[in-house]
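Take a look at the structure below.
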Amino acid sequence: ALPLPDQTLNITITRRVTGLVNRLSKSNITYTVGQLLQLYQDNNAHDMNESISTVLARACLQEVLVQERLAIECMLLLAVTQGQLITANQLGAYFIVKCVKQFRDCHTDDNPSKLCHNIVRCLSYLYSFKVLTSVLLYDVIRKLVSQCSTTDIELLLIILKTVGLDIRKEDPQSMKDIILEVQGKRKLKEEGLDDSRVTWMFDTINAIKTNNHRKIPNYDPSKLEEYSKLLKTISLSQVSPINMRYEEVLKVSAQGMSRFLGLAARENSLESKNQSDSKETVKFTQLMQQQRMNTDIRRKIFTVLMTSSDYIEAVQNLVKLEITKIQRREIPKIIVECCIQENPFNPYYAYLSQHLCTSARENQITFQYTLWDKIKNLSEMSNVQTTNFIELIVHSV
């Protein structure tokens, strides 16, 4: 079992998160994400981000080499969870900060632990799962190449074997510069380093240079590809990867997490607006949270419903949404949920529902199942919600 984080964290949250991570496996990752999202609804986002990132760090960033499967599944859990949050990217940012700062502290010549090995593996997996860009990895690679000790070569091989070909595709010029620098280190063979490791490093570099994965020693991407396919299957939305440099991450404690996520400009623009606009922005954000719009897809749909001038404009904007056919099933659910919350009844939702049902058969079926689900829970509704729900059904008939 994983040890509990420090007492400064929310003990109840941390205990729940630790239990979920202890039981984490490929088969139950969807259930685990659902449990974490429920905790986000009931608790402060900062406490949740800090607790989850700390528990994952204690699971994966240990002094001994962590099992590959555990590290991959923990990073997959982080990637899927943050993709469903209103504060997208923040969970990944919390964990990345912990990784980089621990790497700075442990990356010394006389450190015999495997902590650095675990860190670079986790960062590589996060890149593979689109949580961060190659910028941070290239910075780490440059630090390793500049010193090129035996440990540095081991760490470099981990990154190159895991995602070397991928980061080459994203930024070929940076990889070219790295290759040229590594090739200038051939004199390492004459300086008493492990000849087999140096040879292995050069073989890997040459394979990446020619984009030939068959020549990478002991290269087996099947396991990571399997988890990447799983991520695409269970993730409803894709968050933009975090794009920050190594030195910038180290300054997070002084600058704050908002600057790390590139939100400083947004905060300044909000401050420059007049007070009434600020109040409306805060009110709209609170409204989304109250209605449990806790995924990127639900927030997009909810924003369209709330900002459209009439149901015709709403239909046009919903059609323009770049979401999949399966994700569009959320539209009727959100329309019904918004409709029953209004006081008094707003016919806007009824006309919108009617138009969507007549435009596509699948909308009609989804609305039907949504109404059936609400009927099952009719006893749990308030008088206003019940009245609105009845009005909606009458209008639909």
Side-chain angles (χ1 to χ4, degrees), residues 1-24 28-62 70 73-102 119 122 126 129 131-132 235-237 239-240 242 244 249-264 266-267 270 281-296 298-299:
L2 304 178
L4 289 177
D6 299 335
Q7 297 298 317
T8 55
L9 299 176
N10 188 305
I11 298 177
T12 303
I13 297 176
T14 303
R15 185 176 290 114
R16 290 283 305 278
V17 173
T18 302
L20 291 171
V21 173
N22 280 338
R23 297 187 295 272
L24 180 64
N28 70 1
I29 192 165
T30 303
Y31 166 80
T32 304
V33 171
Q35 293 297 304
L36 291 178
L37 293 179
Q38 183 61 49
L39 288 174
Y40 268 100
Q41 293 180 7
D42 300 335
N43 298 280
N44 179 274
H46 168 75
D47 290 344
M48 285 298 303
N49 291 333
E50 188 63 37
S51 294
I52 294 176
S53 61
T54 301
V55 171
L56 291 179
R58 296 199 171 211
C60 301
L61 311 184
Q62 299 182 20
L70 173 61
E73 290 176 353
C74 285
M75 296 306 99
L76 179 64
L77 175 67
L78 186 152
V80 177
T81 303
Q82 82 158 12
Q84 313 299 318
L85 299 175
I86 295 176
T87 54
N89 267 346
Q90 284 195 8
L91 176 58
Y94 274 73
F95 184 79
I96 290 171
V97 170
K98 293 182 184 296
C99 285
V100 172
K101 291 187 175 181
Q102 288 195 45
I119 292 173
C122 287
L126 289 178
F129 296 146
V131 175
L132 55 84
S235 181
L236 295 178
S237 60
V239 179
S240 299
I242 297 172
M244 290 292 285
V249 178
L250 293 178
K251 299 176 183 178
V252 170
S253 59
Q255 296 178 342
M257 192 62 70
S258 61
R259 184 176 296 275
F260 175 69
L261 294 171
L263 300 180
R266 185 185 303 176
E267 292 173 351
L270 287 176
T281 302
V282 173
K283 183 178 180 181
F284 187 74
T285 303
Q286 292 176 343
L287 184 61
M288 280 199 298
Q289 294 175 345
Q290 291 172 0
Q291 299 300 324
R292 295 187 176 181
M293 301 298 147
N294 52 5
T295 68
D296 186 51
R298 291 177 66 85
R299 291 192 296 274

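Counting from 1, the numbers follow the sequence of the chain as shown.
M244 contributes atom CE, which lies 9.0 Å from atom NZ of K251 (distance to the nearest 0.5 angstrom). Annotation: the span from M48 atom CE to L39 atom CG amounts to 4.5 Å, rounded to 0.5 Å. If you take CD1 on I52 and CD on Q82, they are separated by 10.5 Å, rounding to the nearest 0.5 Å. In this structure, CG on N43 lies 11.5 Å from CG on N49, to the nearest 0.5 angstrom. Atom CE of residue M75 and atom SG of residue C99 lie 6.5 Å apart, to the nearest 0.5 angstrom. Atom-to-atom distance recorded for Q90:CD and S53:OG is 11.0 Å, nearest 0.5 angstrom.
N28 pairs by the side chain to side chain donor-acceptor pair (under 3.5 Å) definition with S25, not counting sequence neighbours. Listed by chain and residue number, D42 satisfy the side chain to side chain donor-acceptor pair (under 3.5 Å) test with Q38 (two or more places apart in sequence, or in another chain).
When the options V33, L91, I96, L36 are evaluated for a side-chain contact (heavy atoms from CB on, under 4.5 Å) with L78, the one that passes is L91.
R16 places no side-chain N or O within 3.5 Å of a backbone atom of T12 that could act as its donor or acceptor partner.
Contact record, V21 with A59: CG1-CB, 4.4 Å, taken as the closest heavy-atom pair. Closest approach of L61 and C122 over heavy atoms only: CD2-SG, 4.0 Å. The two residues S51 and V17 have their closest heavy-atom pair at O-CG1, 4.5 Å. When all heavy atoms of A79 and V131 are compared, the closest pair comes out as CB-CG2, 3.7 Å.
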Practice problem: Report the C-alpha distance between F95 and L126 in whole Å, list the side-chain angles of each, state the deciding distance to 0.1 Å, and finish with yes or no for side-chain contact (heavy atoms from CB on, under 4.5 Å). | Solution: CA-CA 10 Å; F95 184 79; L126 289 178; 3.8 Å; yes
Practice problem: Dump the intermediate steps for side-chain contact (heavy atoms from CB on, under 4.5 Å) on L77 and L20, then the final yes or no. | Solution: CA-CA 11 Å; L77 175 67; L20 291 171; over 6 Å; no
Exercise. Determine, stepwise, if the pair Y94 / L56 fulfils side-chain contact (heavy atoms from CB on, under 4.5 Å).
Key: CA-CA 11 Å; Y94 274 73; L56 291 179; over 6 Å; no
Quiz item: How far apart are the C-alpha atoms of K98 and E50, what are their side-chain angles, what is the distance that settles it, and do they pass the side-chain contact (heavy atoms from CB on, under 4.5 Å) test?
Solution: CA-CA 10 Å; K98 293 182 184 296; E50 188 63 37; 2.9 Å; yes
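The side-chain heavy atoms of R15 and I11, taken from C-beta on, include a pair separated by under 4.5 Å. Counting only heavy atoms from C-beta outward, the side chains of Y31 and L24 never approach each other to under 4.5 Å.
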